[in-house]
Amino acid sequence: PAREDLNVPKIFASDEFDLELFGGMRFDTTADIVIPPSLIDQVIGQEHAVEVIKKAATQRRHVMMIGSPGTGKSMLAKAMAELLPKEEMQDILTYPNAEDSNNPIIRVVPAGRGKEIVAAHRAEARKRVSSRNTMLMVIILGVIVFSIFSGQLIMGLLVVLMLFFVFKSMMPRDEAMVPKLIVSNKPDSKAPFVDGTGTHAGALLGDVRHDPFQSGGLETPSHDRVEAGAIHRAHKGVLFIDEINTLELPSQQSLLTALQEGEFPITGQSERSSGAMVRTENVPCRFIMIAAGNLDAMQGMHPALRSRIRGYGYEVYMGETMDDTMQNRARLVRFIAQEVQNDGKIPHFDPSAVSEILREARRRSGRKGHLTLKLRDLGGLVRVAGDLARQAGDPATTMKHVVDAKQIARSVEDQISDEYIRRTRDYDLTIVEGTLVGRVNGLAVVGNDAGSVLPITAEVTPSQGAGAVIATGLLKEIAQESIKNVSALIKKFSGTDIRKVDIHVQFIGTYNGVEGDSASITVATAVISALEDIPVRQDVAMTGSLSVRGDVLPIGGVTYKIEAAAKAGIHTVIIPQSNLDDVLIEERYKQMVEIVPVTRIEEVLRRALVPEDKEAFEKKLSMIGKHMEIPKMPAV
Ligand code: ADP
């Protein structure tokens, strides 16, 4: 080749995108991305947890991990098993106990020896059986020959039958002497990782199977019915238990004993089974415990177990988001490559597909300048997109596949929210055109990642006594709080002292999961509309918190709320200015709604209310800001 050809720098498909977007990574598809070999280096975000795990591994300490599902807890636990300092692993065997058949003997041997021992015993037993069979044959033949010669045929046959049964009944005894391998490791194997999440007592602590034939020569010997538990299989390794609080208290108690003693006998766990009579000698279980759960889970945990793990280990919190930096974006690109490689069947992602996943990671973080760390869900999206590409027979996964996958891989909440919108439409609960007095379309988040239009109505009646805010349930708190906040504003606006009136506020089609003060500007607008008898535009929806001074403050879930409004047919969405950067709505909604960022309640009212007398209205509005030098509220 010409000299020039060698100097031409390689062009990657990703060069068509901003280099910063991929954190400096250059690739044609994610197949070009180098994946670190060790699991701990594959963990993304969670730097603190990674550091703790490394430290805990060298010191062989227990760890408690607190955080949301799908953020990498079990992945870290697995990584810890890889990191444990090298130790000789062991096999565990049960032997029959000649003195007390209900108390099988436990033997511990180096890893790999267990299999050999069992094989040797088996061969021995087989040899004994076959030599006895040969002997039996010789004797039987002898008896037959003798009986033929002596004419005692019947007698001879009887003797043969008797001999046969005597020998047969001795055979299972031989098999019964073979020990059972209950924990088996390959020679030179690494520390085991055992996931004990959601196991019942038997699977966790070991069990002895029931024997339907408890006597009469047909029974399975008790040592042969012993099964190791997760705690035993995790011997010298890591035992991971997620949602630790769902473990029954007696099991937690036993787990604590196992942790403290480093050994735990196996006994039948179901009371009425014959296994319950059996109890082995102590079985070693020197494992490192990684208990995980969300914050609630920690409260449901046996206090003694918790303090044991804490006292002899570390407690880490898992992050839910990370900063949207070059480095972290590069890590997410690697994450996609990892997920594709782990799946093994889906095509790698091209730069357009990667950019769409990155966008989704921003969107799902729900915070300005952040990327989500709920990576199990994001990995789910990667797989669905990859499956679509594979079904289509495409060589790489592209943006189109990711966009289609988002439709398919939606959360349950999101689907419920759609269903809810459809149903409220049927019942005419959602009004998205015309004007009405005292009724405002608010917006709420349902679950984690779905929005919903939530209309609020207000009505004002003269009070008999001291004015009251009348509302039910959760709304009462929200309404009281926001009405307290807006009372000063209302007084300035309309000269009305709200202490002289009763204000009735109602959510239409209320349901759970509505988060607090993001309904403040909605309640304020509804109340002012009702007080002043000014109609509200129904094609407008709004979300925002409110300060006593009338500043509109940021709220959460803005993207999902806007998308819900668009789906419901709303044309204008009012949001806090400070949330503008959090808006990462899908392309298809962009044409459907106008987003109006605001900083002040006056702007909200100007947009939403349709006064008859515009001049008087403006004058009243100007009263709200009067006598206040407004220092800008810092964004929360
Ligand atoms: P958890 O135990 O917190 O519920 P897992 O560790 O089981 O979550 O995560 C499930 C999968 O999601 C992992 O196998 C991995 O593919 C991906 N994943 C989750 N968190 C991370 C992370 N921090 N870094 C890389 N991959 C992750």
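Only this structure's heavy atoms are used, side chains among them; waters, hydrogens and symmetry mates stay out. Order of listing sets the numbers, starting from 1, for every ligand and every atom in it. No experiment lies behind these values; they were computed from the predicted model shown.
The pair Lys10-Asp28 meets the salt-bridge criterion, since a charged nitrogen lies less than 4.0 angstrom from a carboxylate oxygen. Under a 4.0 Å N-O distance rule, the pair Asp91/Lys115 does not qualify as a salt bridge. In summary, Glu315 and Arg306 engage in a salt bridge, as defined by a charged side-chain N under 4.0 Å from a carboxylate O. A salt bridge between Arg383 and Asp387 is absent, with no side-chain N of the basic residue lying under 4.0 Å from a carboxylate O of the acidic one.
Partners of Tyr589 according to the ring pair (Phe, Tyr, Trp, His ring centres under 6.0 Å) rule, which considers only residues two or more places apart in sequence or in another chain, do not exist here.
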Atom pairs and distances, ligand 1 N/O vs protein N/O under 3.5 Å:
from: ligand 1; atom 1: 2 (O); to: Lys73; atom 2: N; distance (Å): 3.4
from: ligand 1; atom 1: 2 (O); to: Ser74; atom 2: N; distance (Å): 2.8
from: ligand 1; atom 1: 3 (O); to: Gly70; atom 2: N; distance (Å): 3.3
from: ligand 1; atom 1: 3 (O); to: Thr71; atom 2: N; distance (Å): 3.2
from: ligand 1; atom 1: 3 (O); to: Gly72; atom 2: N; distance (Å): 3.1
from: ligand 1; atom 1: 3 (O); to: Lys73; atom 2: N; distance (Å): 2.8
from: ligand 1; atom 1: 3 (O); to: Lys73; atom 2: NZ; distance (Å): 3.1
from: ligand 1; atom 1: 4 (O); to: Gly70; atom 2: N; distance (Å): 2.7
from: ligand 1; atom 1: 4 (O); to: Arg376; atom 2: NH2; distance (Å): 2.5
from: ligand 1; atom 1: 6 (O); to: Lys73; atom 2: N; distance (Å): 3.4
from: ligand 1; atom 1: 6 (O); to: Ser74; atom 2: N; distance (Å): 3.2
from: ligand 1; atom 1: 6 (O); to: Ser74; atom 2: OG; distance (Å): 3.2
from: ligand 1; atom 1: 6 (O); to: Met75; atom 2: N; distance (Å): 2.9
from: ligand 1; atom 1: 7 (O); to: Ser74; atom 2: OG; distance (Å): 2.9
from: ligand 1; atom 1: 7 (O); to: Arg376; atom 2: NH2; distance (Å): 3.3
from: ligand 1; atom 1: 8 (O); to: Gly72; atom 2: N; distance (Å): 3.3
from: ligand 1; atom 1: 8 (O); to: Arg376; atom 2: NH2; distance (Å): 3.4
from: ligand 1; atom 1: 16 (O); to: Glu339; atom 2: OE2; distance (Å): 2.5
from: ligand 1; atom 1: 20 (N); to: Thr71; atom 2: O; distance (Å): 3.2
from: ligand 1; atom 1: 20 (N); to: Gly72; atom 2: N; distance (Å): 3.1
from: ligand 1; atom 1: 23 (N); to: Ile44; atom 2: O; distance (Å): 2.9
from: ligand 1; atom 1: 23 (N); to: Thr71; atom 2: O; distance (Å): 3.3
from: ligand 1; atom 1: 24 (N); to: Ile44; atom 2: N; distance (Å): 2.8

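Cation-pi geometry between Arg308 and Tyr312 is satisfied (NZ or CZ under 6.0 Å from the ring centre, within 45° of the ring normal).
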